[in-house]
Every structure is written in C-alpha cells, then in structure tokens.
Amino acid sequence: MWIRKYSPRSLKEFVNQKQGVEKFLKWYATWKKHRKPCLIYGPPGTGKTCFVYAFAFDKNLDIVELNASDFRDAGALKRILGTAVTQTSLFKKGKIFLIDEVDGISGKEDRGGIAEILKIVPETKNPIVFTANDAWDPKLRSLREICELIEFKKLGIRDIEKRLREILSKEGIEYDENVIKQIASRNEGDLRGAINDLEIIARGKRKISESDLVVLSYREREQNIFETMKIVFKTKSLRGARFAMLSSEREPEELMWWIENNIFREYKKPEEIAKAYELLARADIFRRRIALRQNWRLMMYMLDLMAGIAMCKKDVYRKFTKYQYPERLKILSITKQERAEEKEKLKELAEKLHCSTRKIKTEFLPYLKELLK
C-alpha cells in the first residue's frame, strides 16, 4: 500500500511537526541521564509511528514495535517485553522500543496491562516510546506521569497537498489540481487518510480528475453509520469499504449487524445476496474466535471479509436505499435492563451452587423458570 511504500525513510523526508521533532531529539539526547519514557500523542495520521521509524533509520537503531491493542493483558506484555527491554542490539548502535496505540491497553478488560508497563519501564536499558491519540485520557494518568509528553498536531493542508503531489509524480499519474485540494481538505490534517484516499482513486490509472472523487465520502473523524453503510454498499473498491469501516463511530461487531440487516435491502440478485451472506458468515467465525481467544490480530481478517461484501455486486445500484437499524440491536436495547437483572441473579445463584453462571443459564435456568411458573 502507498502508505507503506511512501513512508519516510529518514527525518529529511518527514512532513512538518517541527516542534515535536525538536522536543523528541532533545529527549533522546538526554535519555541516559533520566531514563524517562516518551509519550507521543496527537490525532490519527499525524506521523507518530512513522516518525519513530524514520528516526531509528537515521540513527541506525533496531526498532522493536509492539501494538498495544494486540497484547492487552499483563501476561502478554511481560512475555514479549519483560526480557527484551534489558537486552542490547547485536548488529546496530542500539535499540528503541515502540509501543503503539497504548490507549488500546487501558481499561478494565486489560487485566493489569498499564500496571505491567509501569513495572517494566524502570528495568529498561533502551529508550521506550509510546504513542496515543489522547494523552489526557484519565485511563492513561499513571503512565502520563512518568513520561515525557510530546504533541504531534494536525498537519496543514499545504503540507498534505505537497506530499500528495510528490506521490503522484513518482507514480507517473497526471492529476487535476482540484483533486489534490479536495482530498487534502477533506482529511482535516490526517496525512495517512489523505494518502489512502488518493490510492483508492488513483492506483492503476494514468490520470485522475474530479469525477473520480465520487467514490469517496466526506470523511469525518467519527463517520456516521448511515454514511458508512452507503460506502460499503455503493462502492466497488475493497479499500474504500475497509477504510469506511475503520473511520466509523461504531465497533466492528456492531457494523456486522448493520451490514447483515441491510444486505437484502441493497442487493436484489439472489447470487449477490448469497455471496454477501457467505462472506459475513466467515467474518462471524473470526468474530467468535476473537471473543474466545482474545486474539485481536484476527480483527483484520474479520474487517477484510466484511469489506468484501462491497465486491459481491456486478454493478453499483443507483437507487436510494433506506438503511434500517438492526433488529438484533433493537432487541438487545429493549431487553438491556432485563438482562442486567438476570445477570445479577445468576451471580447470586453461582455463589450458592458453586458453579459458573454459564452452567446455570444453560442447564439450570430453564427448569427454574418452569418452577417459578
């Protein structure tokens, strides 16, 4: 993908963020004295991750990246980072650790992820860099207190336009200047989003014009669910559908129910409907595996299968489709209070009967309900 192909290979190629870069270089130069980790924060697409890679390349450092959303609990972090942070590099000048999306391990479900990081940091013999979208999230308070905070701000439209022109020039693609301006403006300081949008409309072409922008919606940082459905069902681009889901305000599992409930409203040919439900069924298998194994790396396969539904149609339906709220979510919403009360009762029974709530619900509850009648 172009976002990787044109990722900066050195700080000379890095776009803007002058203040943040200067502060980082100062932090790194004095790291041996204070051994304080660094937290780079800012909106998506401002270059937090690719900056660390460009810096490591310039300094001839080994970079060890860990995406925090893939390793949410203390056990996994200790297993991956525990001894690695104390080891030196064999072939390069040194090491630098990058823990990306650290906000992905902050929460009740993470079973001590942040606490484990706080134990590991004092033992490290190598600099550690964290990245997050929002450093002021209350869940990151304990981590924030021990880190050097460096802000990466939204990029200017001119900086984004310049980078898009460079990419098109290297790809040998002719372009209408208004295309560049509109993509840069739509992405509101998000260079990664702008490059992804450009690739959607330009890959494989020799020339692009304003008419090619029809496949892109006006991107919001949290995209409206109806706009997401419109892109998934109306586009014929796999990347376009995937990026729409990644930009959505809704979680992937909820998006699955939205798609399921609206396939037959959009598609009319039986073979298209059958193919779409087949892909959704496969995505559901991965959804279940994620829930059972807590393996969040499988999410990419789930999203790819869901995005594949955009490719099930032979031609784009030009009609207006009124997308409906999923029936499943309606039922869950209506029964929320009832289910919460049932959960509390199950916990009480579990304590008295010395077994799991699952066993009571599946084996005992049907009989208990009959007895109550």
Side-chain angles (χ1 to χ4, degrees), residues 1-3 44-45 182-183 186-188 190 192-204 211-290 296 298-330 332-333:
M1 292 178 69
W2 287 1
I3 192 67
Q182 285 196 49
I183 291 176
R186 290 177 180 197
N187 282 276
E188 303 171 354
D190 181 349
R192 180 174 60 227
I195 294 173
N196 286 334
D197 280 354
L198 184 68
E199 184 176 13
I200 289 169
I201 66 168
R203 182 181 275 275
S211 62
D212 293 306
L213 291 170
V214 72
V215 301
L216 302 176
S217 69
Y218 199 95
R219 175 177 286 147
E220 299 174 358
R221 292 281 65 80
E222 285 194 343
Q223 198 173 57
N224 182 283
I225 183 62
F226 295 101
E227 190 66 28
T228 304
M229 290 298 102
K230 183 180 175 182
I231 298 171
V232 170
F233 287 120
K234 298 296 186 186
T235 188
K236 287 200 76 174
S237 163
L238 188 67
R239 288 189 183 90
R242 195 174 193 276
F243 294 145
M245 289 190 291
L246 288 171
S247 302
S248 176
E249 60 188 351
R250 308 300 175 104
E251 293 294 321
E253 185 172 355
E254 187 177 342
L255 286 175
M256 175 177 282
W257 305 128
W258 274 90
I259 292 170
E260 180 211 33
N261 202 60
N262 289 287
I263 287 173
F264 65 92
R265 291 187 171 87
E266 180 71 27
Y267 298 161
K268 295 303 176 187
K269 296 176 182 177
E271 62 272 21
E272 293 176 349
I273 295 172
K275 195 184 288 186
Y277 277 118
E278 174 65 24
L279 284 172
L280 200 64
R282 292 182 184 180
D284 195 36
I285 291 170
F286 281 100
R287 181 190 68 82
R288 186 62 181 156
R289 286 174 181 168
I290 292 166
W296 296 92
L298 296 177
M299 184 66 74
M300 60 186 287
Y301 301 112
M302 176 182 163
L303 287 171
D304 283 345
L305 287 163
M306 288 163 62
I309 289 166
M311 311 300 290
C312 292
K313 55 188 175 289
K314 291 181 180 177
D315 298 297
V316 176
Y317 289 89
R318 301 294 176 186
K319 61 174 183 170
F320 169 76
T321 305
K322 188 177 180 181
Y323 301 115
Q324 299 291 322
Y325 195 90
E327 291 298 323
R328 180 188 179 91
L329 296 181
K330 280 183 184 177
L332 290 174
S333 178

Starting at OG1 of T321, measure out to CG of N262 and round the result to the nearest 0.5 Å.
8.5 Å

Considering all heavy atoms, the nearest N187-G193 contact
OD1-C, 3.1 Å

Decide yes or no on side chain to side chain contact (heavy atoms under 4.5 Å, CB included) for R242 and L246, but give the supporting numbers first.
CA-CA 6 Å; R242 195 174 193 276; L246 288 171; 3.5 Å; yes

Test log, rule side chain to side chain contact (heavy atoms under 4.5 Å, CB included), inputs L213 and D197
CA-CA 9 Å; L213 291 170; D197 280 354; over 6 Å; no

So does R288 have more than 12 non-hydrogen atoms from other groups sitting under 6.0 Å from CZ?
no

Donor-acceptor pair, side chain of Y323 and main chain of I259, under 3.5 angstrom:
no

Taking it one step at a time, do E260 and Y277 satisfy side chain to side chain contact (heavy atoms under 4.5 Å, CB included)?
CA-CA 7 Å; E260 180 211 33; Y277 277 118; 4.0 Å; yes

Interatomic distance, M302 atom CE to L280 atom CG [nearest 0.5 angstrom]:
8.5 Å

Tested for salt bridge (charged side-chain N to carboxylate O under 4.0 Å, His left out) against E266, the lone hit among K313, K234, K319 is K234

Can you give me the closest heavy-atom contact between A241 and A307, atom names plus distance?
CB-O, 3.8 Å

K236 side chain to K314 backbone, donor-acceptor under 3.5 Å:
yes

Students often mix this up, so state it plainly: with edges at 30° and 60°, are the rings of W258 and F226 parallel, tilted or perpendicular?
perpendicular

Backbone N/O of Y325 and side chain of N261: donor-acceptor pair under 3.5 Å:
yes

Mind checking whether I285 and L305 have side chains closer than 4.5 Å, heavy atoms only?
no

Indicate yes or no for a side-chain donor-acceptor contact from Y317 to the backbone of K268 under 3.5 Å, with no hydrogens or angles considered.
yes

Nearest heavy atoms of F233 and I309, plus distance in Å:
CE2-CG2, 4.1 Å

Between I290 and R287, is the side chain to side chain contact (heavy atoms under 4.5 Å, CB included) condition met? List the steps.
CA-CA 5 Å; I290 292 166; R287 181 190 68 82; 5.5 Å; no

Contact summary for E272 and C312, nearest pair of heavy atoms:
CG-O, 3.4 Å

Drop me the distance from I200's CD1 to R239's CZ, to the nearest 0.5 angstrom.
8.0 Å

With a 4.0 Å cut-off, would you call E278 and R282 a salt bridge?
yes

Reported CH2-to-CD distance for the pair W257 and E251, which is rounded to 0.5 angstrom
14.5 Å

With rounding to the nearest 0.5 angstrom, report the CG to NZ distance, L279 to K275.
8.5 Å

If you compare all heavy atoms of R192 against all heavy atoms of P44, which two are closest, and at what distance to 0.1 Å?
NH2-CB, 3.5 Å

Can you tell me how far apart CE (M306) and CE (M256) are? Round to the nearest 0.5 Å.
5.0 Å

Heavy-atom side-chain contact between I225 and L255 under 4.5 Å:
yes

Flag, side chain of E199 to backbone of W2, donor-acceptor distance under 3.5 Å:
yes

